[in-house]
Colleague: 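Can you keep this structure in mind? I'll have questions shortly.
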Amino acid sequence: TVDVIVVNGYLREGDKVVLCTLEGPVVSEIRGLLTPPPSRELRIKSDYIHHKEIKGALGVKLIGNGFEKVMAGTPVLVRTFNNRSTSPRVL
């Protein structure tokens, strides 16, 4: 898992993301999006809420493969495929 902050945009389960490591980029599919319960003290242990899609400004825990060596503070690139563009977008 890796913790990210979605500032402007959205993430969905199944999106391909590109993250930076010291060995080079890691491309992985998002298998899950988790957030803590709203209005809860973070020090109190509780279950995370599972989402299919996240929009707007929110802290999210991403579940996927290959996230073990991701460097802190690097941008998250989301690989999207649509009719207009095949370039990644930055969150």
Side-chain angles (χ1 to χ4, degrees):
T1 65
V2 64
D3 295 327
V4 300
I5 298 174
V6 179
V7 177
N8 185 16
Y10 57 91
L11 284 175
R12 293 184 184 108
E13 278 188 6
D15 281 351
K16 296 267 188 192
V17 292
V18 181
L19 300 165
C20 300
T21 68
L22 291 175
E23 288 87 29
V26 171
V27 179
S28 184
E29 183 176 331
I30 297 174
R31 294 187 336 206
L33 300 163
L34 303 174
T35 60
S39 302
R40 263 297 174 88
E41 180 66 40
L42 291 177
R43 293 179 288 175
I44 298 173
K45 291 285 186 186
S46 61
D47 292 333
Y48 283 92
I49 300 170
H50 186 86
H51 300 276
K52 295 287 183 189
E53 180 178 78
I54 297 289
K55 290 183 182 178
L58 192 61
V60 182
K61 184 178 288 284
L62 300 181
I63 301 171
N65 294 329
F67 292 158
E68 297 83 23
K69 296 182 181 181
V70 171
M71 296 185 338
T74 59
V76 177
L77 299 173
V78 180
R79 184 72 174 155
T80 58
F81 297 97
N82 58 28
N83 295 336
R84 297 183 195 151
S85 173
T86 58
S87 61
R89 62 182 164 85
V90 179
L91 281 182

Colleague: Got a sec, which pairs hit salt bridge (Lys or Arg N to Asp or Glu O under 4.0 Å) with one end in residues 56-67, sequence neighbours left out?
Modeller: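 Sorted pair list: D3-K61.
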
Colleague: Before giving the answer on side chain to side chain contact (heavy atoms under 4.5 Å, CB included), spell out for R12 and I30 the whole-Å C-alpha distance, their side-chain angles and the decisive distance to 0.1 Å.
Modeller: CA-CA 7 Å; R12 293 184 184 108; I30 297 174; over 6 Å; no

Colleague: Establish whether V78 and V6 are linked, either directly or via other cluster members, by ILVMFWY side-chain heavy-atom contacts under 4.5 Å.
Modeller: yes

Colleague: Working to the nearest 0.5 Å, report the span between OG1 of T1 and CG of L62.
Modeller: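 The distance works out to 8.5 Å.
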
Colleague: Side chains of H50 and L34: does their closest heavy-atom pair fall under 4.5 Å?
Modeller: yes

Colleague: Between E68 and T21, is any pair of side-chain heavy atoms under 4.5 Å apart?
Modeller: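 No, their side chains stay 4.5 Å or more apart.
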
Colleague: Would you compute the distance between atom CD1 of I54 and atom CG of D15 and round it to the nearest 0.5 angstrom?
Modeller: 11.5 Å

Colleague: Would you say the side chain of L77 lies within less than 4.5 Å of the side chain of V17, judging by non-hydrogen atoms?
Modeller: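 In short, these two side chains do not touch, never coming nearer than 4.5 Å.
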
Colleague: Determine the sole option in E29, R31, E13 for which the side chain to side chain contact (heavy atoms under 4.5 Å, CB included) test with I63 is passed.
Modeller: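 The residue from E29, R31, E13 that satisfies side chain to side chain contact (heavy atoms under 4.5 Å, CB included) with I63 turns out to be R31.
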
Colleague: Can you sort out the partners of D47 under side chain to side chain contact (heavy atoms under 4.5 Å, CB included), two or more places apart, ordered by chain and number?
Modeller: none

Colleague: Would you check if M71 and L22 make a side-chain contact, meaning some heavy-atom pair closer than 4.5 Å?
Modeller: yes

Colleague: When hydrophobic residues are tied together by side-chain contacts of less than 4.5 Å, even through go-betweens, does L11 share a cluster with V26?
Modeller: no

Colleague: Please report the shortest heavy-atom distance between Y48 and P36, naming the atom on each side.
Modeller: CD2-N, 3.6 Å

